[in-house]
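Heads up, the thing below is written out as structure tokens.
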There are 2 protein chains.
Amino acid sequence: MESGSIRVLSRAFSILNCLARERAPLGVSEIASAVDLPKATVYRLLDSLEGERAVLGKGGRYEIGPLSLLLADAYRSQVGFADAARSALTTLRNETKETVHLFVYERGELYYLDKLESPFQVRMHSRVGGRASLFRLSAGKALLASLSPEELKELPETLPDEVAAEFPEIRARGYALDDELNEAGLRCVGAAILDEKGRPRGAVSVSAPVYRFPPEKVEVYGLLVMKAARSIREGVASLETGSHAG
Amino acid sequence: MESGSIRVLSRAFSILNCLARERAPLGVSEIASAVDLPKATVYRLLDSLEGERAVLGKGGRYEIGPLSLLLADAYRSQVGFADAARSALTTLRNETKETVHLFVYERGELYYLDKLESPFQVRMHSRVGGRASLFRLSAGKALLASLSPEELKELPETLPDEVAAEFPEIRARGYALDDELNEAGLRCVGAAILDEKGRPRGAVSVSAPVYRFPPEKVEVYGLLVMKAARSIREGVASLETGSHAG
DNA sequence: ATTGTCGTTTCACTCCATGGATTATTTATC
DNA sequence: GATAAATAATCCATGGAGTGAAACGACAAT
């Protein structure tokens, strides 16, 4: 249990997280057993959440409600580069014809902010809004390589040595490479999005199955990813530490 | 006060709504006065919300957190046509070079689901996730025109006669027109997105200032909007009443 | 008809959120 | 750099608000 956590709230959010995971309308009993709470309690919480439009009740079945859109839109505008990144991502996807990801870095953690799928149908089970690994993804490693030593020490998890060993190479190239580290048969390159002070705010990456992503393409895609990262930074009026929305 | 509403929850969500409105980091005191609650209470709620990643605390200032992304992504996938619509929206925007909106219809209410801005810089103060008027927007009227008489009676608000009077025309054309009704100097056309049973699930619209949207273009844009609505429907594997995500 | 399941409602109990007061910390002013 | 003002963070006695077992009603399957 966290330090200051109001029980009703953590319960309510565990229901929301449950609904977000399932992505399908669930009944009260299903939810109750999933979050391990009495039916009556879950029912009351759902009722209350529905009043806030955080969930949507459809004849006894519940799902995530439209309030989420409002909040996510606000979050995106706070991040600052989310909107500006859309066109850069589109370009990158069109240039590579592969799946591209946008990440945002918040308080030592990396989150999927957006993605554009490859036109080829290949499963990539990344989920927008989910937490991403700083150590296993190319985007994460590219981001870490641009942190100061002090910032590296403040990370929630300790930095593995083998990741730190890659930093000189990443800094020299400008992008990070991930060779089937995260997932077998998948290769990706990622670059950090830096603000005006050189601090990382997020990252971009291109991922593809190795059979479409041979070693000789690494350099090509690497440069494209860097170009995208740069254009995202430049496309934003201000990427100051306290970026406000217009 | 709603029927079954847990006080802590409605307070927590009023804080989230407040942060979403402001779109800038706020201090505890600012929030407390905005939502009219004691500072200590707001502080505790923020602390708890931060633990859930629903808000993000940055040195005494708080903003919406990344959990919103996860929830919104789930909501989009539940809606079913949100992802499929992206490419149809892009096409529509490129064809018209004007701002296009995507709406979702839920329980008698219309919500902004997505938008693509015109390359021309004209302010259109729509906010993704916000509620949209069923009676004043072309998209709303197009949607209403495709509802059955029984469904029309179940609407949260009573249908104005002048709106109902437009239905025959809208049904004949296949799209609805809004002549500066919603906002002076703004014209838009909208079409409903129907599922396999002919029930409306959402709508698409094109909006432009009248000086770029003369009467002779209404028919052209109207047909394009209809084409987009149709392609969104067809782009979705299943738009059944209980649409699940893959 | 019967049984089982699930959503909904009830209500007495008690636990937990409450908020005024206090302290710590940061920011502004001279 | 000392003082003051504002704000964030902490504490704790209190009672009202959330709790959940149980009962009810609706529906489906057998």
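Residue numbers begin at 1 in each chain, while the letters A, B, ... track the order of the sequences. Scope of the values below: all heavy atoms of this structure, side chains included, with no hydrogens, waters or symmetry mates.
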Handout entry: A/Glu196/A/Arg233 salt bridge by N-O under 4.0 Å criterion
Key =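 Salt bridge absent between A/Arg233 and A/Glu196.
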Heavy-atom donor-acceptor pair, [X] side chain to [Y] backbone, under 3.5 Å:
X        : Y        : value
B/Arg201 : B/Ala192 : no
A/Ser205 : A/Gly190 : no
B/Ser48  : B/Leu45  : no

Handout entry: Helical bend (five base pairs per end, nearest 10°) for the helix from C/dG7-D/dC24 to C/dC30-D/dG1
Key =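 Between the first-five-pair axis and the last-five-pair axis there is 60°.
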Practice task
Identify which one of A/Glu157, A/Glu109, A/Glu106 satisfies the salt bridge (charged side-chain N to carboxylate O under 4.0 Å, His left out) criterion when paired with A/Arg131.
Solution key: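 One option only clears the test, and that one is A/Glu109.
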Problem - Single hit among B/Lys58, B/Arg53, B/Arg21 for salt bridge (charged side-chain N to carboxylate O under 4.0 Å, His left out) with B/Glu63 - result: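 Of all the options given, the one that passes is B/Lys58.
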For nucleotides 8-18 of chain D, tabulate all protein N/O to nucleotide N/O atom pairs closer than 3.5 Å, reporting atom names and distance.
| residue | atom | partner | partner atom | Å |
| --- | --- | --- | --- | --- |
| D/dA8 | OP1 | B/Val28 | N | 2.8 |
| D/dA8 | OP2 | B/Ser29 | N | 2.8 |
| D/dA8 | OP2 | B/Ser29 | OG | 2.4 |
| D/dA9 | OP2 | B/Tyr62 | OH | 3.3 |
| D/dA9 | O5' | B/Tyr43 | OH | 3.2 |
| D/dT10 | OP2 | B/Tyr43 | OH | 3.2 |
| D/dG18 | OP1 | B/Arg7 | N | 2.6 |
| D/dG18 | OP1 | B/Val8 | N | 3.4 |

Problem - Distance-only donor-acceptor check, side chains B/Glu234 and B/Ser231, under 3.5 Å - result: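 No - no donor-acceptor pair under 3.5 Å links their side chains.
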Handout entry: Aromatic centroids of B/Tyr111 and B/Phe103 separated by under 6.0 Å
Key =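 Aromatic pair excluded; centres sit 6.0 Å or further apart.
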Problem - A/Leu37 CG to D/dT19 P, straight-line distance once rounded to whole Å - result: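 Computing the A/Leu37:CG to D/dT19:P distance gives 8 Å.
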